[in-house]
A.B. asks: 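Quick one: the structure is below, and I'll ask about it shortly.
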Amino acid sequence: MKKIIILLCISFSFFSCDSFLDVNPDSEVVNDDMFNSADGVEDALYGVYMTMVTKDMYGRLMSNMIPEILGQNFVSTYSYLPYLGRLEYDRSETRNMYKNMWKTGYLAISYLNNIIENLEGKSEKDFRNYNLYMGEALGLRAAIHFDLLRFFAVHITSTNEAAKAKAIPYVTEYDFKVTPWSSVADAYTKIIAELERAETYLAEDDTYMPAHRVGNEKGFTGARVLHFNLYAAQAMLARVYWMKGDLAKAKTYADKVIRSNKFRFTNLTTIGSFMQKTISLDETIWGLYNAEVYSDWYTQHINRSGLGDIRGDFADIYKDAGPAPGSDYRRTGWFGTHEKNGVSRDICVKMMGRVTDTTSLTTSYSGGAYLGTSMIRIPEMYYIMAEALLDEGDASGARWYLDTVVSARGMVKFADRIPAVEITLDDIMAERRKELFGEGQWWFCLKRLNSSVKIANSSASIPGSDKIYALPLPTEEEDYRPNE
């Protein structure tokens, strides 16, 4: 039976879509055409990555907009977004955003299902990089399902058994059948199993991914930091187990990534620029190429047409209560001021760069670090190690991992302060927030602990609950399930 896959081919200056479009002029690629050649398989995978960087996924909504506004790092006065900032999810205006995330996420999953089904009929005899193809597809399918789970399902610690039983559909077939709901526990089991399979398939990345990356790597086996690679599988396993609450397993995989020696902290002198518009060649474990990341941040943040303003007391996040903590380079390097129409205000330049009113919004790749967004970076692995060791009772080991990040950001280590500070979970979480500001992860840290949410620029605080930590499912999803 011949199946059709429609790939969205957007402007993507680094990876060419020409060969893909030449297969069928209408952009409809049938299995018989696409999956008989390595070029066809690679074009299909690039099509998935291009879908992932659209604005309904990691190009905006699922990365720096929705989770950052929910996590109260940003405050928006644009259109319907204030409702989102107050965690008022049932507004019809905000529901459309969730629907777009859901729809585009499952669209990307459907592409991956088509790739995986076709690869299952092939082997290493057919394609030299067969294992990489299969590993990437499996890893991406698991990663997207995981984020849909984090956004739309209650947490695994919820006491609402009915809600936990109806988490998300875990879709693994490329057809039009309605996939039954998976429970939260079953979804975690499937995500972990697929990431473990991906890790096995991607073993060759130990060779293909150099410890020192310089950019301009060519071909499918070149710029592996732009692909879901071996270390992405391990880092995602660490993140998934951490979110699930299995710190022992999370530590195992975080340790693998750290001990690979493929990633290092950027030099202090580059803190202010190493992520501006680019994927860090030192710290990024896995990133998505996106030539529009700069212009979108400018539009959303500088022009205040979406992302809006940083919370008014953002500088307090970077204060340290301990004596002589040193200078946190993240505060000075990732934030600045911008004057427009005679009004000066604070802005986040972490992923965008410092701007003027005449700054050009056009960008193109010209060597060095790749344009785009980091999906996961090495500091997160150190936070996981610190929390896991603290949970095991190894306070000094936990402090060592946290101090590694702290000192890399210009501050005095907790161990070297007078008197020395015995770290707590609060210290680890405070450092997480500092480090991951603007990267769409803080909201999930709050969800994992079912923490109260202090509404930015307000005295209001909303207690943690399933209601605020699970976005409403699109009503259209229920329409396809009249008997469930």
Side-chain angles (χ1 to χ4, degrees), residues 5 35 41 44-49 51-52 57-58 62 101-102 104-124 127 129-153 156 164 167-175 177 179-206 224 227-246 249-250 252-254 256-257 285-286 288 375-376 380-381 384 444:
I5 181 171
F35 298 102
V41 177
L45 284 167
Y46 288 143
V48 173
Y49 287 117
T51 302
M52 292 174 69
M57 287 192 74
Y58 301 107
M62 292 176 67
M101 289 165 50
W102 182 273
T104 310
Y106 278 108
L107 181 66
I109 287 169
S110 74
Y111 298 163
L112 290 162
N113 289 339
N114 193 36
I115 294 169
I116 291 167
E117 285 183 18
N118 279 277
L119 286 177
E120 285 173 344
K122 307 286 185 181
S123 71
E124 294 175 78
F127 305 125
N129 294 318
Y130 174 86
N131 286 339
L132 295 183
Y133 302 156
M134 182 63 90
E136 285 191 38
L138 287 168
L140 289 171
R141 185 166 73 180
I144 296 171
H145 275 112
F146 176 60
D147 274 346
L148 292 171
L149 180 72
R150 291 200 295 176
F151 274 114
F152 291 96
I156 198 167
K164 286 199 294 185
I168 60 168
Y170 202 96
V171 185
T172 59
E173 295 182 9
Y174 183 69
D175 56 35
K177 293 188 300 184
T179 302
W181 294 100
S182 287
S183 68
V184 173
D186 286 343
Y188 269 108
T189 298
K190 292 170 183 176
I191 290 165
I192 289 167
E194 292 211 312
L195 289 172
E196 288 175 340
R197 286 184 66 196
E199 181 188 20
T200 300
Y201 276 113
L202 294 167
E204 292 173 283
D205 276 327
D206 181 53
R224 295 298 296 162
H227 296 247
F228 192 95
N229 55 66
L230 169 63
Y231 309 102
Q234 293 169 347
M236 282 301 302
L237 278 162
R239 178 183 281 178
V240 169
Y241 274 120
W242 174 82
M243 189 73 187
K244 185 184 178 187
D246 189 338
K249 287 288 184 64
T252 295
Y253 286 101
K256 282 187 178 185
V257 179
I285 299 169
W286 164 45
L288 294 174
M375 294 293 284
I376 192 162
E380 187 174 338
M381 299 298 102
I384 289 173
F444 302 116

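None of the values given here were measured: they were computed from a predicted structure.
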A.B. asks: Going from CG on Leu140 to CG on Leu195, what distance comes out if it is rounded to the nearest 0.5 angstrom?
C.D. replies: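 The CG atom of Leu195 is 10.0 Å from CG of Leu140, to the nearest 0.5 Å.
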A.B. asks: How far does CG of Leu132 sit from CG of Leu230, to the nearest 0.5 angstrom?
C.D. replies: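 Interatomic distance, Leu132 CG to Leu230 CG, rounded to 0.5 Å: 10.0 Å.
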A.B. asks: Any non-hydrogen side-chain atom of Phe127 less than 4.5 Å from a side-chain atom of Leu119?
C.D. replies: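 Side chain of Phe127 against side chain of Leu119, heavy atoms only: contact under 4.5 Å found.
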A.B. asks: Are the side chains of Arg239 and Glu380 in touch, meaning some heavy atoms are under 4.5 Å apart?
C.D. replies: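 Of all side-chain heavy-atom pairs linking Glu380 with Arg239, at least one is under 4.5 Å.
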A.B. asks: Write down the atom of Val257, the atom of Ala235, and the distance for their closest heavy-atom approach.
C.D. replies: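 Shortest heavy-atom separation between Val257 and Ala235 comes out as CG2-N, 3.7 Å.
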A.B. asks: Decide yes or no for Glu196 and Tyr253: does some side-chain heavy atom of the first lie under 4.5 Å from some side-chain heavy atom of the second?
C.D. replies: yes
A.B. asks: Apply side-chain contact (heavy atoms from CB on, under 4.5 Å) to the pair Tyr133 and Leu45, showing each step before the final yes or no.
C.D. replies: CA-CA 8 Å; Tyr133 302 156; Leu45 284 167; 4.0 Å; yes
A.B. asks: Kindly indicate whether the side chain of Ile168, heavy atoms from C-beta on, has any atom under 4.5 Å from the side chain of Trp102.
C.D. replies: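 The answer is yes; the side chains approach within 4.5 Å.
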A.B. asks: Which distance, rounded to the nearest 0.5 Å, do you find between the CD of Glu136 and the CG of Leu112?
C.D. replies: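 The CD atom of Glu136 sits 10.0 Å away from the CG atom of Leu112.
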A.B. asks: If you compare all heavy atoms of Ile115 against all heavy atoms of Ala137, which two are closest, and at what distance to 0.1 Å?
C.D. replies: CG2-CB, 4.2 Å
A.B. asks: Might you point out which heavy atoms bring Ala108 and Met57 nearest each other, and give the distance in Å?
C.D. replies: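 So the two residues come closest at CB-SD, 4.2 Å.
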A.B. asks: In Å, rounded to the nearest 0.5 Å, how long is the span from CD of Glu204 to CG of Asn131?
C.D. replies: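 CG of Asn131 is found 5.5 Å from CD of Glu204.
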A.B. asks: Can you tell me if Asn118 uses its side chain to pair, donor with acceptor, with the backbone of Phe35 under 3.5 Å?
C.D. replies: no
A.B. asks: Does any non-hydrogen side-chain atom of Val41 lie less than 4.5 Å from one of Tyr130?
C.D. replies: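 Not in contact.
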A.B. asks: Give the minimum heavy-atom separation between Lys244 and Ile156, together with the two atoms involved.
C.D. replies: O-CG2, 3.6 Å
A.B. asks: Can you tell me if Asn229 uses its side chain to pair, donor with acceptor, with the backbone of Ile285 under 3.5 Å?
C.D. replies: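 Flag set: sc Asn229 to bb Ile285 pair under 3.5 Å.
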A.B. asks: Side chains of Thr179 and Glu173: does their closest heavy-atom pair fall under 4.5 Å?
C.D. replies: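 Not touching, per the 4.5 Å side-chain cut-off.
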A.B. asks: Apply side-chain contact (heavy atoms from CB on, under 4.5 Å) to Thr51 and Tyr58, showing your working.
C.D. replies: CA-CA 9 Å; Thr51 302; Tyr58 301 107; over 6 Å; no
A.B. asks: Could you pull out all residues at least two apart from Tyr188 that satisfy ring-ring contact (aromatic ring centres under 6.0 Å, His included)?
C.D. replies: none
A.B. asks: Rounded to the nearest 0.5 Å, what separates atom CE in Met62 from atom CE in Met101?
C.D. replies: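 So the gap between those two atoms works out to 5.0 Å.
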A.B. asks: Do Tyr106 and Leu148 pass the side-chain contact (heavy atoms from CB on, under 4.5 Å) test, and can you show the C-alpha distance, the side-chain angles, and the key distance before you say yes or no?
C.D. replies: CA-CA 9 Å; Tyr106 278 108; Leu148 292 171; 3.6 Å; yes
A.B. asks: When rounded to the nearest 0.5 angstrom, what distance separates CE in Met236 from CE in Met375?
C.D. replies: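 The CE atom of Met236 sits 7.5 Å away from the CE atom of Met375.
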A.B. asks: If you look at every heavy atom in Ala153 and Ala167, which pair is closest and at what distance?
C.D. replies: CB-CB, 3.8 Å
A.B. asks: Starting from the C-alpha separation in whole Å, work towards a yes-or-no answer on side-chain contact (heavy atoms from CB on, under 4.5 Å) for Val240 and Lys249.
C.D. replies: CA-CA 10 Å; Val240 169; Lys249 287 288 184 64; over 6 Å; no
A.B. asks: Parallel, tilted or perpendicular for His227 and Tyr49, by the 30°/60° rule?
C.D. replies: perpendicular
A.B. asks: Quick check on the 6.0 Å ring-centre criterion: do Phe228 and Trp286 meet it?
C.D. replies: yes
A.B. asks: Would you say the side chain of Leu202 lies within less than 4.5 Å of the side chain of Arg224, judging by non-hydrogen atoms?
C.D. replies: yes
A.B. asks: Kindly indicate whether the side chain of Tyr170, heavy atoms from C-beta on, has any atom under 4.5 Å from the side chain of Glu194.
C.D. replies: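 Sidechains of Glu194 and Tyr170: in contact.
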A.B. asks: Restricting to non-hydrogen atoms, name the atom on Ala187 and the atom on Ser182 that form the minimum distance, rounded to 0.1 Å.
C.D. replies: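 Minimum heavy-atom contact is N-CB, 4.2 Å.
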